[in-house]
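First comes the structure, then the notes that go with it.
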Amino acid sequence: MATDTLKRTPGAGGATGGLRRLLLENGALTALIVLVIAMSALSGDFLTTDNLLNVGVQAAVTAVLAFGVTFVIVSAGIDLSVGSVAALSATVLAWTATSHGVPVFIAVLLAVATGIAAGLVNGFLIAYGKLPPFIATLAMLSVARGLSLVISEGSPIPFPDSVSHLSDTLGGWLPVPVLVMIVMGLIAAFVLGRTYIGRSMYAIGGNEEAARLSGLRVKKQKLAIYALSGVFAAVAGIVLASRLSSAQPQAADGYELDAIAAVVIGGASLAGGTGKASGTLIGALILAVLRNGLNLLNVSAFWQQVVIGVVIALAVLFDTLRRKAGATPSAAGASPGGKGKQAGTYALAAVVTVAIVGATSFLHNGSSASADRRMGLSLSTLNNPFFVQIRAGAMAEAKKQGVDLTVTDAQNDASQQANQLQNFTSSGVGAIIVNPVDSDAASNSVKAADKADIPVIAVDRGVNNAKTDALVASDNVAGGELAAKSIAEKLGGKGKIVILQGQAGTSAARERAQGFENGLKAFPGIQVVAQQPADFDRTKGLDVMSNLLQAHPDVQGVIAANDEMALGAIKALGSKAGKSVSVVGFDGTPDGLKAVEGGSLYASVAQQPTQLGRIAVDNALKALDGDKVQQTVKVPVKVVTKENVAGFSG
């Protein structure tokens with residue numbers, strides 16, 4: 001594929017054979033060129049300097065992670081822990097530098113040492129403990145994520161200002177994350193192509209037993225390989241946290257899959273023995289271009305996942321077809337003159353791309369619609385009925401007002417949301433509405449939009465350390481207090497209850513938990529026997545409640561931080577729900593209101609999410625027109641019970 005030097009197969013001469021070899025050898029590069037050309041033709045916003053730099057920034061963290069994973073995959077291993085190790089390393093840096101006054105330079109070294117330590121543990125378990133790489137690194141994925149949550153106590157930790165400059169630009173145009181990506185890529189290429197350990201990776205991946213018999217110390221090499229992967233994960237975590245201005249304990253969740261995908265798309269084989277840093281970079285850029293372009297084209301976030309999955313499958317299929325065609329990849333640098341030929345291929349590809357993209361740019365000259373009637377809405381997740389209702393309200397109001405509204409789903413990933421907000425800013429939308437995954441993490445992206453004179457409206461959650469034109473929200477703390485008061489009064493001021501908390505590290509979970517605590521202070525007869533997170537998820541609510549009932553079968557009440565967890569708890573309680581055990585939820589979702597009407601859910605603290613979406617669009621239009629908008633627009637919460645559910649509309 002993109003970077004493998006392929007040996008000539010007998011009988012493959014002539015123009016047809018030459019073309020076939022060219023396509024086989026440079027499959028990922030060809031795919032990247034086609035993607036860039038297609039996105040340039042389909043969207044007039046894609047081919048701008050700001051947006052292309054956005055693509056580089058958005059590829060940076062995945063690419064740095066993937067460079068480390070390349071070492072592992074070349075040696076026929078796998079590392080599923082890099083995303084969690086990245087989060088842990090960033091958390092260690094922020095925790096030591098801000099909470100314990102450790103000098104920033106020492107804190108950075110501690111963060112890198114954390115990555116090395118995690119990698120060494122992986123390597124030891126695999127090389128000396130004989131654990132399969134999949135199992136060893138899966139265990140480290142859980143351990144590292146858990147330690148990140150333990151150290152941070154589930155809350156983001158502000159990042160040191162001196163390290164946060166990694167998210168800045170040099171000379172006002174070159175983003176530092178892009179520079180870090182290039183430097184780490186050069187280091188990876190040097191390690192793979194010019195060092196003893198690099199040659200060892202190819203030898204181990206090609207035939208581990210043969211490598212051992214030839215005198216290679218395979219076990220020690222594996223320790224070094226996984227330690228290198230940990231170093232790159234730590235650097236990626238620091239870059240990611242600098243973009244978000246905080247160390248997020250849930251950051252980089254699932255990034256290990258993107259990193260592996262980038263390596264495979266870039267031409268490496270999961271069977272080991274092949275792969276290069278340049279191919280990995282191309283793979284990371286393909287993923288970034290896909291996500292960026294699909295955002296600009298207003299493709300559903302759900303379909304984006306489908307498209308990326310198809311691309312990964314096609315990459316592996318292409319690798320299989322290449323092998324069946326007799327194209328045998330050789331080790332890095334094994335072919336004389338190979339590097340010069342590769343450089344010539346990249347130069348030719350760049351010239352062709354610029355020429356075709358330049359031609360397609362004429363398609364969009366003077367044809368772009370007025371930005372004043374375009375808006376972007378970035379929601380923290382669409383895997384929750386509450387936010388689906390916000391989207392429905394916003395889209396209904398946008399249609400009524402003649403506004404072109406693009407909705408994106410951050411999937412509870414603060415970094416992905418930062419990418420989406422950057423895409424909105426670079427495409428020049430008239431206004432941005434954001435429902436932050438985390439109030440601190442969204443600040444840099446909102447500042448960039450403000451610098452571009454784009455009004456920003458926050459919905460449901462505010463943005464810290466950045467100016468927004470308005471905040472349209474209910475008060476989560478006040479709502480939590482109402483929920484606590486409702487359950488306490490239902491139980492007559494006495495009884496045992498459990499609390500199902502939201503996803504650790506999110507602002508909504510923290511604020512609602514604070515409200516529960518404040519509200520219960522007025523009822524000393526209420527005993528909280530257990531508090532456990534269920535991640536705002538119905539299935540997890542069912543599982544956690546089932547477990548808690550084993551230890552506390554005499555529980556009389558449940559407070560859940562959203563209706564989804566409350567409905568899961570009701571399922572676990574069975575016939576007890578609504579009779580011997582009262583359950584209070586939060587959000588007023590359609591399923592939650594049905595449960596209230598049926599009597600299994602005693603009450604839901606309803607936030608009227610449809611109204612939140614409608615009012616957010618209305619205020620964004622006011623800001624665009626220069627009309628005065630209130631800094632805070634409060635949508636009242638309401639406790640909905642069986643007595644008043646019939647007249648309630650969210």
Side-chain angles (χ1 to χ4, degrees), residues 57-58 60-61 64-65 82-118 144-145 147-172 174-181 183-184 230-253 255 413-415 417-419 421-422 436-448 450-451 462-467 504-507 510:
V57 171
Q58 292 164 22
V61 173
V64 174
L65 279 177
V82 289
S84 296
V85 171
L88 176 60
S89 298
T91 300
V92 167
L93 194 163
W95 181 65
T96 53
T98 61
S99 301
H100 292 78
V102 175
V104 171
F105 177 73
I106 302 298
V108 170
L109 292 180
L110 288 173
V112 174
T114 300
I116 294 173
R145 184 70 63 185
L147 287 174
S148 179
L149 288 165
V150 168
I151 292 171
S152 65
E153 297 181 349
S155 300
I157 304 175
F159 224 49
D161 291 338
S162 56
V163 186
S164 290
H165 288 309
L166 281 174
S167 64
D168 293 345
T169 58
L170 294 178
L174 178 61
V176 176
V178 174
L179 187 61
V180 173
M181 175 179 69
V183 170
M184 298 305 290
V231 170
F232 278 72
V235 173
I238 293 170
V239 172
L240 176 59
S242 70
R243 286 192 66 204
L244 305 178
S245 297
S246 59
Q248 304 274 330
Q250 293 287 6
D253 187 21
Y255 279 36
D413 183 342
S415 175
Q417 185 165 66
N419 294 343
L421 294 175
Q422 283 185 327
V437 172
D438 181 83
S439 299
D440 293 313
S443 62
N444 282 345
S445 301
V446 171
K447 288 176 183 176
D450 183 57
K451 189 176 180 181
V463 179
N464 296 336
N465 304 315
K467 174 183 172 293
T506 60
S507 56
R510 295 194 303 272

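We number each residue from 1, following the sequence as shown. No experiment lies behind these values; they were computed from the predicted model shown.
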Next on the checklist: Run the side-chain contact (heavy atoms from CB on, under 4.5 Å) test on Val446 and Lys467 for me, step by step, so that the C-alpha distance in whole Å, both residues' side-chain angles and the decisive distance to 0.1 Å come before the verdict.
Outcome noted: CA-CA 7 Å; Val446 171; Lys467 174 183 172 293; over 6 Å; no

Next on the checklist: Under the criterion side-chain contact (heavy atoms from CB on, under 4.5 Å), I'd like the reasoning laid out for Arg243 against Val57: C-alpha separation, chi angles, the key distance, then a yes or no.
Outcome noted: CA-CA 9 Å; Arg243 286 192 66 204; Val57 171; 3.6 Å; yes

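Paired with Val180 under the rule side-chain contact (heavy atoms from CB on, under 4.5 Å), one option of Ile238, Val61, Val239 passes, and it is Val239. The side-chain contact (heavy atoms from CB on, under 4.5 Å) test with Thr96 singles out one residue from Ile106, Val102, Thr91, and that residue is Val102.
Ala111 approaches Ala234 most closely through the heavy-atom pair O-CB, 3.7 Å. Counting all heavy atoms, side chain and backbone alike, Val437 lies closest to Gln417 at N-OE1, 2.8 Å. In terms of heavy atoms, Ala118 sits closest to Val85 at CB-CG2, 3.7 Å. Of all non-hydrogen atoms in Pro160 and Ala97, the two that sit nearest each other are CG-CB, 3.6 Å. The two residues Arg145 and Ala251 have their closest heavy-atom pair at NH1-O, 2.6 Å.
Between the Ser246 side chain and the Leu244 main chain, a donor and an acceptor come within less than 3.5 Å of each other. In this structure a side-chain-to-backbone donor-acceptor pair under 3.5 Å is missing from Ser148 to Ala144. A donor-acceptor pair under 3.5 Å is formed between the side chain of Ser443 and the backbone N or O of Asp440. Side-chain atoms of Gln58 come within 3.5 Å of backbone atoms of Asn419 as a donor-acceptor pair (strictly under, hydrogens ignored).
No side-chain donor from either of Tyr255 and Ser84 sits under 3.5 Å from a side-chain acceptor of the other.
Interatomic distance, OG of Ser242 versus CZ of Phe159, reported as 6.5 Å (0.5 Å rounding). Rounded to the nearest 0.5 angstrom, Asp413 CG and Gln250 CD are separated by 10.0 Å. With values rounded to the nearest 0.5 angstrom, Ile157 atom CD1 is found 7.5 Å from Ile151 atom CD1.
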